[in-house]
Number of protein chains: 2
Amino acid sequence: MDGSRRLPVVTIVDVARAADVSRATASRALAGYGRIRPATRDRVRAVAEELGYRPNGLARAMRAGRSATIGLVVTDIANPFFAQATKAVASTASELGYDVLVADTNEDEKAERRAVLVFAEKRVDGLIVVPAPGSPHDQLLDAAYAQVASTPLVLLDRRRADHHCASVTSDDFRSAVDAVSLLVSHGHTRIGMIDGNWASSGFTSRRPRILGSAAAERIDGFREGLKRSGLSARPGWMLYASAREPYATQAAAASMLSERDRPTALVTNNSDVALAVVTVCHKLELEIGSDLSLVTFDDASWTAAIRPPISAVARPVAQMGEAAVRELVAQIGGRPPSPPIVLSNNLIDRRSVGVPDERRVQPHGEDSLLS
Amino acid sequence: MDGSRRLPVVTIVDVARAADVSRATASRALAGYGRIRPATRDRVRAVAEELGYRPNGLARAMRAGRSATIGLVVTDIANPFFAQATKAVASTASELGYDVLVADTNEDEKAERRAVLVFAEKRVDGLIVVPAPGSPHDQLLDAAYAQVASTPLVLLDRRRADHHCASVTSDDFRSAVDAVSLLVSHGHTRIGMIDGNWASSGFTSRRPRILGSAAAERIDGFREGLKRSGLSARPGWMLYASAREPYATQAAAASMLSERDRPTALVTNNSDVALAVVTVCHKLELEIGSDLSLVTFDDASWTAAIRPPISAVARPVAQMGEAAVRELVAQIGGRPPSPPIVLSNNLIDRRSVGVPDERRVQPHGEDSLLS
DNA sequence: TTGTAGGCGTTATCAC
DNA sequence: GTGATAACGCCTACAA
């Protein structure tokens with residue numbers, strides 16, 4: 001039944017016995033508190049060393065009421081942005097004396113709820129959550145978070161309307177406005193956007209009810225940017241594609257770009273969507289920078305390496321992760337939650353943005369190649 | 001001093017009291033074992049629900065002797081390969097009832113040692129480690145692993161000569177041989193390789209003493225592949241570049257490729273090195289697929305999207321992560337460690353491999369452009 | 001069917 | 001300066 005026989009683990013009792021002192025003294029010697037004769041202390045420590053004593057973190061955590069562990073719940077660790085965020089969180093946490101329990105929800109609220117509950121049971125000292133974009137009044141989620149209301153919580157990358165708790169995001173609204181301005185300043189008036197999200201299936205021009213706050217900000221900022229230049233979004237030029245289905249984003253790009261009457265510039269929601277656009281441009285034999293200008297959110301490693309290099313909104317990932325941990329640890333220390341923390345993005349202008357060649361896209365032009 | 005006053009947490013004692021039963025009965029009701037009157041059970045459960053009772057995982061773990069948590073120690077979470085591996089590990093672990101503590105070592109053995117020790121203190125039920133390529137007889141590491149010898153351990157992606165424990169890797173040696181064969185079959189005889197690692201500084205043609213087993217296999221396989229075709233590695237065509245320093249890989253590529261007498265084909269150790277080669281080719285105005293053929297390890301998302309698409313050795317990341325967890329959980333269940341598990345890579349031939357244009361690289365050719 | 005009681009390993013308070 | 005003892009929250013053998 002129980003094949004899991006392990007080697008015996010050395011406890012503080014064993015150390016005490018071997019050093020011929022009481023548990024209390026052994027504990028004092030090891031933890032270095034209280035009054036203790038130096039000779040005794042050293043002897044106990046030597047014995048502990050020799051026996052290979054390792055304190056039991058569980059017992060210690062139970063006794064202390066803190067586990068020195070925080071929980072990180074992200075929507076997709078494999079996404080480069082979250083992978084980097086995770087790295088920053090782990091490294092800052094380690095620096096501050098915490099370990100990190102990590103869970104991947106695949107953008108699923110049920111999984112998020114489960115993770116939050118389980119982590120709370122494991123008595124993490126605090127939680128950093130990238131909330132899955134659920135219905136804003138999801139009862140399960142509310143219940144989950146209410147249950148762990150005593151656990152410090154910091155939202156990362158996205159906010160949720162119904163949670164008035166600390167959050168760390170970046171100013172995606174403003175960056176989207178700026179991205180549009182950049183395109184407009186090069187003479188573009190025919191500007192589209194493709195969003196990749198987990199709510200749609202295939203692609204559609206109808207805005208999903210459920211969007212992460214970062215995505216929503218980018219889309220709203222895009223619209224606002226157009227408005228400020230006296231432009232407006234054409235219905236077919238604002239497309240929402242499924243990030244779940246491998247080719248949905250390419251299909252969206254293809255549908256938009258193979259029209260005779262197509263946009264001369266595009267904003268994409270993240271680097272994966274940009275990659276899809278690049279792929280489709282190859283297929284349609286559109287040259288990026290001349291036939292189509294492109295600005296993407298998320299400065300992935302490849303954007304600067306391909307020809308032409310892609311202009312991108314670089315987000316301060318590492319700082320965001322670090323800020324989240326510092327805020328969390330402050331809360332663990334008893335400080336009340338900060339107001340939302342918003343860091344600045346950096347719009348890097350590369351050669352994927354050029355002057356529009358209007359002739360190519362007029363109805364009488366000779367483009368419109370099928371894939 | 002102690003600002004960390006939290007809301008009181010409901011324990012099983014509170015539930016018992018509120019339901020007017022003993023702790024034992026409450027426990028039975030909640031865990032659903034032993035003989036208990038259904039009415040009592042339901043009443044206790046209702047009370048627990050109402051009070052928002054959540055079991056204390058620490059206490060449970062201490063009592064049970066298992067924490068339902070595994071530790072994952074990787075060298076760099078931000079690296080796409082390990083990010084995907086982490087995702088697979090987390091998802092498989094979750095499926096099997098475990099949570100994952102994660103640590104990032106940045107390829108540093110000291111950090112690895114610390115993580116292993118701390119995770120052992122937190123009483124993880126098992127460890128999955130991507131070992132940092134340390135000196136094979138590092139005493140600190142040996143001591144660390146000896147101390148946690150009672151904890152099931154699975155090495156991921158790399159083996160260590162001095163550890164005879166379970167491991168999950170992929171057949172990189174064979175794939176390197178295959179990659180060379182592919183190039184040779186297209187007529188290449190002038191073949192180089194660039195390795196990116198954490199031991200070198202700048203770049204060098206001297207093989208570092210310290211290499212991860214995966215990297216070592218790729219390099220050895222490269223040499224073997226040449227040998228099998230009656231070729232041999234030219235000293236200046238097998239370069240080791242620092243992955244720590246941002247431009248070391250580009251410098252290595254530039255040095256190799258701007259020679260008059262340069263290779264017509266290149267194998268790269270991972271997708272980051274490949275990206276550097278692509279960048280350098282742009283600078284030197286070498287066309288990939290015609291002026292230079294390229295095969296890389298690790299099939300990153302962008303390899304198929306750029307022109308020409310890059311041939312790559314795709315590694316079965318997800319399966320590797322899953323296999324590691326399954327092996328670990330089996331060991332936790334008491335099964336002895338398996339012999340090394342080696343999964344198969346998949347060499348995807350794309351258009352970055354072409355026929356060599358020998359004229360361009362002969363001493364009398366008119367190439368050799370400076371950056 | 002239910003209650004009593006002991007112990008998991010640690011730390012800290014209180015006596016001696 | 002040191003030792004006995006209680007407590008953290010849970011589970012379960014045993015007694016009733």
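Below, chains carry the letters A, B, ... as their sequence lines are ordered, and counting in each starts from 1. Because the structure is a prediction, the values reported are computed rather than measured.
To the nearest angstrom, C1' of D/dG3 lies 16 Å from CZ of A/Arg17. We find that CD1 of A/Ile12 is positioned 11 Å from P of C/dA12, with the value rounded to whole Å. Protein atom CZ of B/Arg41 is 15 Å distant from nucleotide atom C1' of C/dT2, rounded to whole Å. The distance from atom NZ of A/Lys122 to atom P of D/dG9 is 19 Å, rounded to the nearest whole Å. Rounded to whole Å, atom C1' of C/dT2 lies 11 Å from atom CZ of B/Arg43. Atoms CG (A/Asp20) and P (D/dT2) sit 12 Å apart, rounded to a whole Å. One interatomic measurement links the two molecules: CE of A/Met62 to P of C/dG7, which rounds to 15 Å at whole-angstrom precision.
Legend: residues meeting side chain to side chain donor-acceptor pair (under 3.5 Å) with B/Arg326, ordered by chain and number and at least two apart, are B/Glu95, B/Glu322. Not counting sequence neighbours, the partners of A/Ala78 by the side chain to side chain contact (heavy atoms under 4.5 Å, CB included) test are A/Asp76, B/Gln84, B/Lys87.
Residue A/Thr40 places at least one side-chain N or O under 4.0 Å from the OP1 or OP2 atom of D/dT2. The side chain of A/Arg63 places no N or O atom within less than 4.0 Å of a non-bridging phosphate oxygen (OP1 or OP2) of C/dT11. For the OP1/OP2 pair of C/dG3 and a distance below 4.0 Å, the side-chain nitrogens and oxygens of B/Ser22 include at least one atom meeting the criterion.
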Tell me, with the steps shown, if A/Tyr145 and A/Val129 meet side chain to side chain contact (heavy atoms under 4.5 Å, CB included). CA-CA 11 Å; A/Tyr145 282 104; A/Val129 179; 3.3 Å; yes
A/Leu343 and A/Ile341: CA distance, side-chain angles, deciding distance, side chain to side chain contact (heavy atoms under 4.5 Å, CB included) verdict
CA-CA 7 Å; A/Leu343 302 179; A/Ile341 298 169; 4.1 Å; yes
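For DNA chain C, the neighbouring residues in residues 23-32 of chain A, judged by any heavy atom under 4.0 Å, are A/Arg23, A/Ala24, A/Ser27, A/Arg28. Of all the residues in residues 50-59 of chain B, B/Tyr53, B/Pro55, B/Asn56, B/Ala59 reach under 4.0 Å from DNA chain D with at least one non-hydrogen atom.
Counting only residues at least two apart or on different chains, the side chain to side chain donor-acceptor pair (under 3.5 Å) pairs with a member in residues 18-39 of chain A are A/Ser22-A/Thr25.
Salt-bridge check for B/Glu121 with B/Arg114: failed, with every basic side-chain N at 4.0 Å or more from each acidic carboxylate O. Looking at A/Arg45 and A/Asp42, no side-chain N of the basic residue comes within less than 4.0 Å of a carboxylate O on the acidic one, giving no salt bridge.
Using modelled atom types, no side-chain atom of A/Asp99 and backbone atom of A/Thr69 make a donor-acceptor pair closer than 3.5 Å. Side-chain atoms of A/Ser67 come within 3.5 Å of backbone N or O of A/Arg123 as a donor-acceptor pair. Side chain of A/Lys122 to main chain of B/Ala68: a donor-acceptor pair is present (N/O by atom type, distance under 3.5 Å, no hydrogens or angles). In this structure, the side chain of B/Arg54 does not engage the main chain of A/Ala120 through any donor-acceptor pair within 3.5 Å.
With the end axes of the helix from C/dT1-D/dA16 to C/dC16-D/dG1 each set by five pairs, the angle from one to the other reads 50° at 10° resolution.
Residue order along DNA chain D, read from the 5' end via each residue's closest nucleotide, puts A/Arg37 first among B/Tyr33 and A/Arg37. Along DNA chain C, the nucleotide nearest B/Arg35 and the nucleotide nearest B/Arg123 are compared for position; the residue whose nucleotide lies closer to the 5' end is B/Arg35.
Atoms CG and CD, from B/Leu153 and B/Glu327 in turn, are 10.0 Å apart once rounded to the nearest 0.5 Å.
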